[in-house]
Amino acid sequence: MKKFTCVADIGPLDLAVAEAMRIKADRFAWSDLGRNKTLLMLFFNSSLRTRLSTQKAAMNLGMNVMVLDVTQGAWKLETERGVVMDGDKAEHLLEAIPVMASYCDMIGVRAFAGLTNREEDYKEVVIGQFLKYAGCPVFSMEAATRHPLQSYADLITIEEFKTKPRPKVVLTWAPHPRALPQAVPNSFAEWMNATDYDFVITHPEGYELAPEFVGDARVEYDQRKAFEGADFIYAKNWSAYSGDNYGKVLSMDRDWMVDSAKMALTDNARFMHCLPVRRNMIVTDEVIESERSIVIPEAANREISAQAVIKRLLESI
Ligand code: CP
C-alpha cells in the first residue's frame with residue numbers, strides 16, 4: 001500500500017479487520033519495522049484523537065514522529081497554483097511539500113473542506129498535491145471529503161461489538177450549531193457500503209450526501225422509523241451538500257438529537273460517534289453515558305486503525 005485516502009486503498013475488509021485484531025493482540029510485535037524511519041504529521045486543522053492516536057501508533061512501530069501545526073508557527077501556505085502571492089501566504093505548497101518530504105519517510109495530512117466551494121473541496125486539492133509531489137507514502141488524517149482512519153476504527157469497533165452476522169447500522173444526522181464537513185459521514189457510508197451490513201442513512205430533507213458516497217444505502221427521512229431494530233446508531237452532524245446550500249446549516253432541529261426514547265426503538269443498539277461531540281445537541285448525557293455507548297472503545301481503536309495503516313505503508317517502503 002503506497003497511500004491511504006479511501007476504503008479502496010486498504011483492500012479486502014475481512015483482511016483489514018483481521019490485521020487490526022492481530023495488532024490489537026500485540027501492538028509492539030512490529031516495533032522494529034519503523035526503526036530509523038520518520039513520520040511527519042501535518043495539521044491544517046485542530047485535532048485531539050487523530051494527533052495522539054496516530055503518533056502513538058507510529059511509536060508502537062518504532063518510528064520517529066514530527067508534528068507540524070501549519071497554522072501555528074509555520075509560514076502560511078498557498079495551495080492554489082497560478083495565484084499572485086501578494087497576500088499573507090508566504091510559501092507555496094508546491095515548494096513546501098518536497099522540502100517537508102526531504103525530512104521524512106511518510107506524511108500524514110489533515111486538511112478539512114473549506115465549505116465555500118463544493119467543486120474545489122471534492123477535488124481534494126490539498127491531499128492531492130501531497131500525493132503528487134511528496135514522493136513518499138501519504139495518508140489522510142481527514143481530508144475534505146473522507147476520514148478513512150476514523151471509518152476503519154469504526155469498522156473494527158462494530159466487528160468487536162456486533163452480536164449478529166449482519167447487523168443493522170444506522171447513520172443519523174443530528175443537530176449542531178456550526179457548519180461541519182461531510183467527510184466523516186461520507187467516509188462512514190463508503191466503508192459501510194463495502195461491508196454486507198444492513199446500512200441505513202437518516203437525515204432531514206436537504207441534507208442528502210453526495211450520491212457517490214450514499215451508493216446503495218437505504219435513505220430514510222423518518223429518523224424514528226430508521227432506528228427501529230437497529231444494532232448500531234452512528235450519530236454525526238454534517239452541513240448541506242446540495243447545490244447552492246453547500247456548506248450551510250439548514251436546520252438545528254433538536255428533534256433530531258439522539259435520546260433514550262429513540263434508542264428504545266432499536267434492538268438494544270450501541271451508540272457511536274467519532275468525537276468530539278456536543279452533548280445535548282447531538283446526543284443526550286443519558287445516552288452517551290449509558291452502558292450501550294461505545295464512543296470510548298471506538299476512539300481507542302483509532303490507535304489500531306492508524307497502526308494497521310502505517311504498518312502497511314512501512315511494508316511498502
Ligand atoms: N474523530 C477525530 O478525528 O477526532 P479529532 O478531530 O480530535 O482528531
Side-chain angles (χ1 to χ4, degrees), residues 4-7 9-10 20 39-60 65-72 107-115 121 124 126-127 130 138-158 160-161 169 171-174 176-192 209 213 232-239 258 270-279 281-283 287-288 293-310:
F4 179 71
T5 61
C6 63
V7 69
D9 291 331
I10 202 79
L39 168 66
L40 171 61
M41 294 166 57
L42 206 57
F43 289 91
F44 289 82
N45 308 94
S46 305
S47 168
L48 187 152
R49 277 143 291 273
T50 305
R51 177 185 299 258
L52 296 177
S53 61
T54 309
Q55 185 164 358
K56 176 65 164 59
M59 293 191 305
N60 293 348
V65 183
M66 301 189 295
V67 183
L68 180 64
D69 287 298
V70 176
T71 54
Q72 288 169 17
I107 302 180
V109 183
R110 167 164 283 202
F112 290 175
L115 294 181
D121 287 343
E124 291 284 10
V126 176
I127 197 148
F130 278 90
V138 170
F139 64 94
S140 167
M141 298 195 299
E142 186 171 343
T145 64
R146 291 177 174 89
H147 193 357
L149 284 177
Q150 181 65 52
S151 308
Y152 189 4
D154 297 334
L155 174 67
I156 296 164
T157 310
I158 292 171
E160 285 179 325
F161 282 89
V169 178
L171 166 64
T172 181
W173 181 92
H176 192 281
R178 296 173 61 183
L180 298 185
Q182 296 103 31
V184 169
N186 281 348
S187 203
F188 187 72
E190 184 175 66
W191 284 65
M192 290 301 104
L209 294 167
F213 290 104
F232 293 89
I233 298 296
Y234 192 101
K236 184 72 184 85
N237 172 268
W238 61 89
S239 59
V258 178
R270 296 289 189 171
F271 176 79
M272 300 178 72
H273 189 283
C274 63
L275 305 181
V277 69
R278 291 191 183 232
R279 284 173 173 231
M281 284 293 300
I282 299 271
V283 59
V287 169
I288 198 166
S293 170
I294 52 173
V295 296
I296 305 304
E298 180 185 1
N301 277 334
R302 290 294 307 276
E303 178 184 343
I304 306 303
S305 65
Q307 188 168 338
V309 166
I310 296 168

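Each ligand, and each atom within it, is numbered from 1 in the order the structure gives.
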Just say parallel, tilted or perpendicular for the rings of W191 and Y152, cut-offs at 30° and 60°.
parallel
Report all protein residues having a heavy-atom distance below 4.0 Å to some atom of ligand 1; order the list by chain, then number.
S47, L48, R49, T50, R110, H147, Q150, C274, L275, R302
Has D9 got a side-chain atom pairing as donor or acceptor with C6's backbone, closer than 3.5 angstrom?
yes
Within-4.5 Å side-chain heavy-atom neighbours: V283 and H273
no
Side chain of R302, backbone of T54: donor and acceptor closer than 3.5 Å?
no
Contact list for residues 40-54, test salt bridge (Lys or Arg N to Asp or Glu O under 4.0 Å), sequence neighbours left out
R51-D69
Quick one: are C274 and Y234 in side-chain contact, heavy atoms under 4.5 Å?
yes
